[in-house]
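Proteins come first, then strands; the chains are lettered A, B, ... in the order of their sequence lines, and each starts at number 1. Worth knowing before you read on, the calculation uses all heavy atoms, side chains too, and leaves out hydrogens, waters and symmetry mates.
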Amino acid sequence: MNKTIAAVERYLSEVLGVQSKARPWKETGNLPFFLTNYYEFYEISLWEHPCLLMIPEEDVDVLPAALKKHRDCVQSEWDGCCIYVQEAISPHNRQRLIQHRVPFIAPGNQMYLPDLGIDLREYFQQSKSSKETLSPATQAVVVYTLCHATTEGYTASTLIKELGYSRMTLIRAFNELEAANIGVIDKRGRERCWSFTGGKRELWNQALPLLSSPVKQRIWIKGKTPKIQAGFTALGERSMLNPPSICTYATSTEEWKTWKEAVVKTLPISEGATAELEIWHYDPSLFADGDIVDPYSLYLSLRDTEDERTEIALEEMIEKIEW
DNA sequence: AGACTCAAACTACATGGATT
DNA sequence: AATCCATGTAGTTTGAGTCT
């Protein structure tokens, strides 16, 4: 974790001109074990303000609801500003942390310290040299890999057949993965070959901050419905959560084009609708498990939902996966 | 070694849809 | 209307493998 601390110190000195060293925090002994196990704590002083940095052991994207509880718990043992630190925070989590006024530092990218009057969102915007989300096609490659047995040895040629994208799009996808440091690309003969040498769980954790919801549009429809279940209907199948009375389905943009005129009517409200339809950025049938969308895309499609029971159901679903 | 071949990768531009 | 984004297409370059 020294690497993250060094990055934070460098970032603070670069952006704020603060030359301050972080030192490990000797905690009071009152913190529950899972917190001391899950996070590392460092003290640092910012313009005479004592601050406590909490850094998750693994570089995972903690869900804001859980994080808020953890932070409140730590805050009761610390008399000063308690700051969450993570190298790569997904855009939607970043937004929600700001909404909840949770101070955080994403070294190299952004910091939000409302108690000290610092909100460096603009700096972040200027410096977004690397893109903050993967393109839909690149995300499709990641989800495809997560849905298959191996994480190694994918060439553009095999993915063209499996995903139906053009060669150029797959080449761009490989470039994005390379730029984001997700897996490695080596040459097999002349052809580039993408591999992720860690397990699928690591791939998921590493890619998660860069993944976004596959849902482009949600609409109410009346008439024939597609086959693949998505949204809360799918989550009901994959967790203990009760499904809604009106089913949700997913479709690709291409399929929707052919349905739009002939088969179904769209409605402005749920009243009288036979289904809710999600139009996706990529084809949900590529990864569907029977009639239900894959759990990874499902997680991404619902993680913006501000509802604790949904968050818990999503977490449970991911925990249940046999990586 | 040099020439040839073929497919992958890249550059630059086009397109269609979404967003402002 | 103007701009952006994701993707596709045409044309060019590159380079590994093969033949002479």
Q: Under the side-chain hydrogen bond (donor to acceptor under 3.5 Å, both in side chains) rule, what do A:E278 and A:T248 come out as? Steps first, then yes or no, please.
A: CA-CA 7 Å; A:E278 292 179 352; A:T248 301; 5.6 Å; no

Q: When you measure from the side-chain N and O atoms of A:S166 to the phosphate of C:dG8, is any distance below 4.0 Å, counting only OP1 and OP2?
A: yes

Q: Among C:dG8, B:dA9, C:dA6, find the nucleotide with the atom closest to the side chain of A:Y165.
A: C:dG8

Q: Rounded to the nearest Å, what distance is computed from the CZ atom of residue A:R188 to the P atom of nucleotide C:dG17?
A: 14 Å

Q: Find the distance A:I171:CD1 to C:dT13:C1' and express it as a whole number of Å.
A: 13 Å

Q: Any side-chain N or O of A:T169 under 4.0 Å from OP1/OP2 of C:dG8?
A: yes

Q: Determine whether the aromatic ring centres of A:W204 and A:Y299 lie less than 6.0 Å apart.
A: yes

Q: Looking only at non-hydrogen atoms, find the nearest pair between A:P56 and A:V85 and report the distance.
A: CD-O, 3.2 Å

Q: Ignoring backbone atoms, establish whether A:R192 has a side-chain N or O less than 4.0 Å from OP1 or OP2 of B:dA8.
A: no

Q: I need the NZ-P distance between A:K216 and B:dA18, as an integer number of Å.
A: 5 Å

Q: Starting at atom CH2 of A:W280, determine the distance to atom C1' of C:dA6, rounded to an integer number of angstrom.
A: 18 Å

Q: Separation of A:I160 atom CD1 from B:dA8 atom P, in whole Å?
A: 7 Å

Q: Compute the centroid of each ring, for A:Y154 and then for A:F174, and state whether the two points are separated by less than 6.0 Å.
A: no

Q: Is any side-chain N or O of A:R190 closer than 4.0 Å to OP1 or OP2 of C:dG15?
A: no

Q: Report the residue (A:T253 or A:M168) whose heavy-atom-nearest nucleotide on DNA chain B is the more 5′ of the two.
A: A:M168

Q: Taking NZ from A:K187 and C1' from B:dA7, how many angstroms apart are they, rounded to a whole number?
A: 12 Å

Q: Taking only side-chain nitrogens and oxygens of A:S157, does any of them come within less than 4.0 Å of OP1 or OP2 of B:dA8?
A: yes

Q: Which nucleotide wins on minimum distance to the side chain of A:N175, given the candidates B:dC10, B:dA12, B:dA9?
A: B:dC10

Q: Rounding to an integer number of Å, can you tell me how far A:E254 CD sits from C:dG8 C1'?
A: 12 Å

Q: Where each residue is assigned the nucleotide of DNA chain C containing its nearest heavy atom, which of A:H281 and A:G189 is assigned the position nearer the 5′ end?
A: A:H281

Q: With rounding to the nearest 0.5 Å, note down the distance linking CG in A:L302 to OG in A:S213.
A: 8.0 Å

Q: Is there a donor and acceptor pair, one atom on the side chain of A:R167 and one on the base of C:dG8, closer than 3.5 Å?
A: no

Q: Taking CZ from A:R172 and C1' from B:dA12, how many angstroms apart are they, rounded to a whole number?
A: 10 Å

